Amino acid sequence: MGSHGDGGGRAGANAHLMRAAFALDGDDGCIADARNHATAFLDRARADHRLPVTARARDLTQLVVSELVTNARKYAPGPVLLELGITAGRVDIVVWDSDPTVPTARPADPARIGQHGLEIVKAVTEDLFIEQEPTGKRITARITLSDPRPPEARGPLNRPRRARPAEPTET
């Protein structure tokens with residue numbers, strides 16, 4: 001397993017301040033390795049570039065990395081490449097595998113056991129891109145570093161529900 005990274009340091013809101021790539025061998029431990037690489041990458045971005053990586057962004061990054069690498073390991077033979085990039089406002093997660101088949105998220109089905117990975121990734125990311133390549137595919141997921149707006153700034157449909165007091169019952 002190998003990796004490389006650069007400080008990039010280009011100016012601009014969409015320029016990566018930091019990037020890293022990790023070759024995963026596709027064995028049983030590669031999913032945990034990928035999550036660990038993602039966590040260390042975000043920790044380094046926070047320390048070196050003073051980026052506001054929230055707990056939410058960190059948790060979602062680990063979830064997305066886990067889901068994408070799991071799918072790559074399950075459906076594509078051979079190695080997996082994990083690339084991470086960070087800007088002032090988002091983290092880009094790129095997973096390459098050797099299977100050129102473009103995955104599609106299945107319709108939501110609470111009765112279905114398994115195969116919800118891409119569904120989950122689509123729900124928690126800002127953007128999701130899938131590029132077919134001659135020798136595989138590249139999936140890019142983008143996660144915002146900041147937390148969503150506070151509840152008081154959200155519309156009525158996006159506010160968390162409060163428990164209503166129990167109705168009095170007649171005896």
Side-chain angles (χ1 to χ4, degrees), residues 1-26 29-73 79-97 102-105 108 116-131 133 136-163:
M1 178 167 21
S3 71
H4 74 275
D6 68 34
R10 296 179 309 219
N14 291 324
H16 287 120
L17 299 171
M18 195 171 92
R19 296 171 58 132
F22 306 93
L24 307 169
D25 55 17
C30 78
I31 300 163
D33 289 344
R35 281 192 306 267
N36 291 336
H37 289 312
T39 300
F41 178 82
L42 292 176
D43 289 347
R44 198 173 109 220
R46 187 178 340 174
D48 294 355
H49 296 280
R50 296 189 177 143
L51 292 174
V53 179
T54 62
R56 175 190 163 276
R58 184 181 168 123
D59 292 346
L60 289 179
T61 298
Q62 288 180 338
L63 173 65
V64 169
V65 164
S66 185
E67 292 295 339
L68 293 178
V69 173
T70 296
N71 285 351
R73 185 178 178 279
V80 176
L81 179 63
L82 170 66
E83 298 174 7
L84 301 166
I86 199 161
T87 70
R90 71 170 194 264
V91 60
D92 291 342
I93 302 159
V94 180
V95 174
W96 174 89
D97 68 49
V102 174
T104 56
H116 294 278
L118 198 54
E119 208 178 310
I120 293 167
V121 170
K122 285 179 72 172
V124 302
T125 57
E126 178 184 334
D127 286 312
L128 183 67
F129 308 99
I130 302 173
E131 302 169 87
E133 297 185 347
K137 67 182 161 298
R138 184 176 304 273
I139 300 176
T140 303
R142 290 187 170 155
I143 296 173
T144 313
L145 290 179
S146 60
D147 283 333
R149 295 177 293 163
E152 60 274 5
R154 298 182 204 157
L157 296 177
N158 293 323
R159 287 194 180 118
R161 293 184 184 191
R162 292 189 179 146

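Predicted, not measured: the structure shown is a model, and the values here were computed from it. Residues take their numbers from the sequence shown, with the count starting at 1.
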Which residues satisfy the side chain to side chain contact (heavy atoms under 4.5 Å, CB included) test with [X], sequence neighbours excluded?
X      : value
Ala34  : Leu24, Val65, Val69, Leu82
Asp92  : His16, Arg90, Arg142
Thr125 : Val64, Val121, Leu128, Ala141, Ile143
Pro103 : Leu118, Ile130, Lys137, Ile139

Practice prompt. Using modelled atom types only, decide if a donor and an acceptor are shared between the side chain of Thr54 and the backbone of Leu145 within a distance under 3.5 Å.
Written response: yes
Worksheet item: Any donor-acceptor pair under 3.5 Å linking the side chain of Thr144 with the backbone of Ser146?
Response: no
Under the side-chain hydrogen bond (donor to acceptor under 3.5 Å, both in side chains) test, which residues partner [X], sequence neighbours left out?
X      : answer
Thr140 : none
Asn36  : none
Thr39  : Gln62

Which heavy atom of [X] sits nearest to which heavy atom of [Y], and what is that distance?
X     : Y     : result
Ser66 : Arg35 : OG-NH1, 3.1 Å
Cys30 : Asp25 : CB-OD1, 4.1 Å
Ala88 : Leu51 : CA-CD2, 3.9 Å
Ala57 : Leu42 : O-CD1, 4.3 Å

Worksheet item: Taking atom CD1 of Ile93 and atom CD of Glu67, what is their separation to the nearest 0.5 Å?
Response: 11.5 Å
Fill in: Spacing of Glu83 atom CD and Phe41 atom CZ [to the nearest 0.5 Å]
11.0 Å
Worksheet item: Which residues pass the salt bridge (Lys or Arg N to Asp or Glu O under 4.0 Å) test with Asp127, sequence neighbours left out?
Response: none
Response to the item:
By salt bridge (Lys or Arg N to Asp or Glu O under 4.0 Å), Glu133 pairs with (sequence neighbours left out) Arg138
Practice prompt. For the pair Asp97 and Arg73, evaluate salt bridge (Lys or Arg N to Asp or Glu O under 4.0 Å) and give the outcome as yes or no after the intermediate values.
Written response: CA-CA 8 Å; Asp97 68 49; Arg73 185 178 178 279; over 6 Å; no
Worksheet item: Is any NZ, NE, NH1 or NH2 atom of the basic residue among Asp59 and Arg56 found under 4.0 Å from an Asp or Glu carboxylate oxygen of the other?
Response: no
Practice prompt. Determine whether Val91 and Leu60 make a side-chain contact, defined as any pair of heavy atoms from C-beta on separated by less than 4.5 Å.
Written response: no
